[in-house]
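Okay, structure first, notes after.
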Protein chains: 2
Amino acid sequence: MTEYATTRIQRKNQALIFEAALDVFSSFGFRGATLDQIASTAGISKPNLLYYYPSKEAIHSAVLTKLLHTWLAPLREIDENGDPIEEILLYVINKLHAARDLPRESRLFANEIVQGAPRIKSILETDLRHLVEDKVKILSKWIKQGRLAKIDPYHLIFSIWSLTQHYADFDVQVQAVTGHETSFDEAEVFLNHLYRRMLAP
Amino acid sequence: MTEYATTRIQRKNQALIFEAALDVFSSFGFRGATLDQIASTAGISKPNLLYYYPSKEAIHSAVLTKLLHTWLAPLREIDENGDPIEEILLYVINKLHAARDLPRESRLFANEIVQGAPRIKSILETDLRHLVEDKVKILSKWIKQGRLAKIDPYHLIFSIWSLTQHYADFDVQVQAVTGHETSFDEAEVFLNHLYRRMLAP
DNA sequence: AAAATGTTTGACCGTTTGGTAAAATTGACG
DNA sequence: CGTCAATTTTACCAAACGGTCAAACATTTT
């Protein structure tokens, strides 16, 4: 057995810890989460938890970095060679479905960013920034070609983030105001109307 | 002097505490804020802080309830007798200016809501819900009269909240991606385009 | 100026928190 | 089965936390 192999037990526990950490961090933020809570959610003891990760920071960091890729995947898919409006709408709908299906991931990042992103600021300034720059170039080209309305491509991307993630991050408010479970079908109809109207050249 | 009078010193300290609490709670959330931090920001000692408020919860609650009215003021101003699109755009711009001028207030509520609004859920379900119901009626009437596009009025309101507050709540991300201070003028142009296009009957 | 009231502080308390040490237990494997 | 490494637990620690208390200090009232 080599130095870097992971045992069956390690894999099982790391998966348990990951799920528990995502649960707890997304619900209470970094500061609000406790190791005891993560440990008991994972069904293990606190010292056992710290056998797998050296510190609370390390757990948080592991969860954030592992999920960042998943979280940005839909944006990567915007294809230069596709139809502008359909490509953007596909992104919008993919992000909306992500808000519906992965609300914990959404809240994890929301919690971090609303408090100044102290632990992922550098990633936002490099990886995310480069990715957005790439896509902004494509959007700008489309606009120049007259295939999209003349809008600021940065704000277009921000609008998609805010409108879709709102249904995950502020779901309690949405439910409190409407009085029932959030209807993602209604949201989809609404966003479809919004973006088709806004983006038409 | 009557039983309920406030002295000069009380007024001064309560103002200091309020500012400090808003600063700290909006930056770190309820759990992340500490009494020591609030006290030292206010320039007083912790026991002195607790001379004015009985507990951390009480400070947080005082700040939240005092600001809720301010925070909802722009929505109240939507006027049944005005021009639909202009009334809505006025609300959008007012909310955007609130995000620019009162980012602490915005983040205070964002922090609370993203973690499930444990301390203001009941207010959201009553006061906020009733206010929104009122305005939804007006919007529905406008739509029925053919003066607005056929959209879900609830989602219209949610979209305004998310698009405007995004510039306050997720400002670090916006700045990390663009590389410069957030331009609220650009945001205003963008939102103006978005809502005029979307709302036209 | 004295008394009464209002304000501030240092010292302290019990609990929670992130984290550690070492022993005990379990599992892998020849 | 025995041995060695991997895993888990018990008991614990120091710091940070929300909060208390009684005494000191300041201000207002008589």
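Protein chains get the first letters and strands the later ones, always in sequence-line order, with residue 1 at the start of each.
For D36(B) and K46(B), the salt-bridge test passes: some basic side-chain N is under 4.0 Å from an acidic carboxylate O. A salt bridge is defined here as a Lys NZ or Arg NE, NH1 or NH2 lying under 4.0 Å from an Asp or Glu carboxylate O, and E86(A) with R196(A) meets this definition. Taking the charged nitrogens against the carboxylate oxygens, R104(A) and E19(A) do have a contact shorter than 4.0 Å, which makes a salt bridge.
Nearest-nucleotide mapping onto DNA chain D: of L35(B) and K12(A), the residue sitting toward the 5' end is K12(A). Along DNA chain C, the nucleotide nearest to P54(A) and the one nearest to T34(A) differ in position, and the one closer to the 5' end is contacted by T34(A).
In this structure, R31(B) places its CZ atom 12 Å from C1' of dT15(C), rounding to the nearest Å. Taking atom CD of Q14(B) as the reference point, atom C1' of dG6(C) lies 13 Å away to the nearest angstrom. Rounded to an integer number of Å, the gap from K46(A) NZ to dT9(D) P is 14 Å. As a whole-Å value, the separation of D36(A) CG from dT9(D) P is 14 Å.
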Next item on the list: Apply the test salt bridge (Lys or Arg N to Asp or Glu O under 4.0 Å) to residues E80(B) and K137(B): give CA-CA distance (whole Å), side-chain angles for both, the deciding distance (0.1 Å), then the verdict.
Entry: CA-CA 9 Å; E80(B) 194 167 0; K137(B) 270 182 202 157; over 6 Å; no
Next item on the list: Evaluate the criterion salt bridge (Lys or Arg N to Asp or Glu O under 4.0 Å) for residue pair E133(B) and R129(B); output intermediate values, then yes/no.
Entry: CA-CA 6 Å; E133(B) 275 172 357; R129(B) 184 169 172 183; 3.4 Å; yes
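For P47(B), the listed nucleotide lying nearest its side chain is dT9(C); candidates were dG19(D), dT9(C), dC17(D). The nucleotide whose nearest atom lies closest to any side-chain atom of K56(A) is, among dA6(D), dG19(C), dT7(C), dG19(C). The side chain of N48(B) lies closest to dT8(C) when the candidates are dT8(D), dT17(C), dT8(C). For I9(B), counting side-chain heavy atoms from C-beta on, the closest listed nucleotide (dG19(D), dT27(D), dA11(C)) is dT27(D).
Within the structure, every side-chain polar atom (N or O) of Q10(A) is placed at least 4.0 Å from both OP1 and OP2 of dA6(D). Proximity of S45(B) to the phosphate of dT9(C): a side-chain N or O atom is located under 4.0 Å from OP1 or OP2. An OP1 or OP2 oxygen of dT7(D) is reached within less than 4.0 angstrom by a side-chain nitrogen or oxygen of Y51(A). Regarding contacts with the backbone of dA6(D), every side-chain N or O of N13(A) stays at 4.0 angstrom or more from both OP1 and OP2. Between Y52(B) and dT8(C) there is a side-chain N or O to OP1 or OP2 distance below 4.0 Å.
When heavy atoms are screened at a 4.0 angstrom cut-off, A58(A) is found touching no nucleic acid atom at all. Within the nucleic acid shown, A33(B) comes within 4.0 Å of sugar-phosphate atoms alone, with no base atom in reach, counting heavy atoms only.
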